[in-house]
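In this text the structure is predicted, and so the values were computed from the model without any measurement. One-based numbering, in listed order, for ligands and for the atoms of each.
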Amino acid sequence: LAISQIPANSNMVRSKVFCRLTSFIPLILFSLHPCQSFGNIDLHAHLFMDEGMGWTFNGKFDGPLEASSWKDKFSSQANPQTLSESQLQVVVATLYAHPLFTRSLRNSIRKQIDQANQFVKNNPQWILATDPKMAFSGLQNGKKILILALEGASGILETEEDLNEFIDQKGIRIVTLLHLTDDLLGGVAFLKGMRILASPLAFIKSLFVPEHDSQGVKLNPNGLTPRGLKLAEELIRRKVWIDLSHSSDHSQSDLLPLLKEKKQPLLYTHTPLRRYLEAERGISDAQLQEVAKQGGFVGLIPSEEMLEGTPPLTPCLGGVNLLATQFRDAAQIIGQSSLAIGSDINGGITHLSPSCKTGTSLDTEGFWNLGQSGELWKALKNLGAYHPKQLGQSEQPSQQDSPAYLFIQTWMKAGSAQSS
Ligand SMILES: [Zn+2]
Ligand SMILES: [Zn+2]
């Protein structure tokens, strides 16, 4: 029985009995089962912000969604139910602890990891993958994969003990070294407009040492500190994949030789394109070229405030049209197989306003919760910005073409980087 002989749209395919009886097929043919959702991914989703943001965040992971619109910033936009509705096969669950609204950064991260473990215990269709091989065999067995990431290392990964606990034992596998404010580890990417003041000292320094990139965008004069570089080395040695999002251009230039030497693919879990945002926080064309050269993965952010300045791909208004333009443009440089979404759900930013002609709920509601992720990918496809190879009638559905599979393959290279 070849998978192409299965009528993809018949009701039989949708029936649960059919799906259960034939679930061994992908294992044999190494392809996507027609009952399986296309393997989408989210490279940056905050699931446990009730712990990470303390009293400033409204709602709990294990409760109903509290957000109701794409404009909601601090109300919960993800829970176990939306995770299962999301059609996501790989989710990078990003841990974050706010320095003012949590009593202890480390304890907040510990509690979030407990929540992740509890979630996979209650939902056996999900696994918490601590290495790419485990993720890969999970994918082949139709499992959904959670990977732990940490946004902002300062105050959490400081000592050998911290690394033992959070990396080796508790399984954090992706680290966004820097975040919103310059710290002991290095300089952060300046945000757009007034938000540049998130890093006040670097901003003041930039007035005296003005620096701009080739596009005329203002740059943070600060790069990585020796301590930041040492931590990056330590993390790579422990098979952690370094996320370059939020790093200043100088910090990235300081990290690049190390990443090249260790042959680690370049990872940007959540970024807009700088050519439109005109702020250092966006990935520049030169940085995209590096990803194309070195290999890597880029997650684009479905957020109106990050997509500012982007022309819509179709005459329809609405945020997903801006995201579609960025998807098309980034694909022209790094190829579609290195592209993903990094939703930054629950990350304190707006998401996408309602659109039209996408044939999804994004037309009426916009994108505002994690459960719509499958529809977000579908909207990009319907707008012509994303062309998954496997959907052609004549072609056999292939797992190798799904973003989930491609990402895990790239992670495999990051995991073996330290041995070179
Ligand atoms: Zn971020
Ligand atoms: Zn975030």
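- In summary, no N, O or S atom of His179 is located under 2.8 Å from the Zn ion (ligand 1).
- Here Arg106 does not pair with Glu161 in a salt bridge; the nearest charged N to carboxylate O distance is not below 4.0 Å.
- The Zn ion (ligand 1) has no N, O or S atom of His44 under 2.8 Å away, backbone or side chain.
- Taking 4.0 Å as the cut-off between side-chain N and carboxylate O, Arg281 and Glu305 do not count as a salt-bridged pair.
- The name of the N, O or S atom in Glu151 nearest to the Zn ion (ligand 1) is OE2.
- Within Asp344, the N, O or S atom lying nearest to the Zn ion (ligand 2) carries the name OD1.
- In Leu317, the CG atom is not crowded: 12 or fewer heavy atoms of neighbouring residues, nucleotides or ligands sit closer than 6.0 Å.
- Ring orientation note: the planes of His44 and His270 are close to parallel, at an angle under 30° on the 30°/60° scale.
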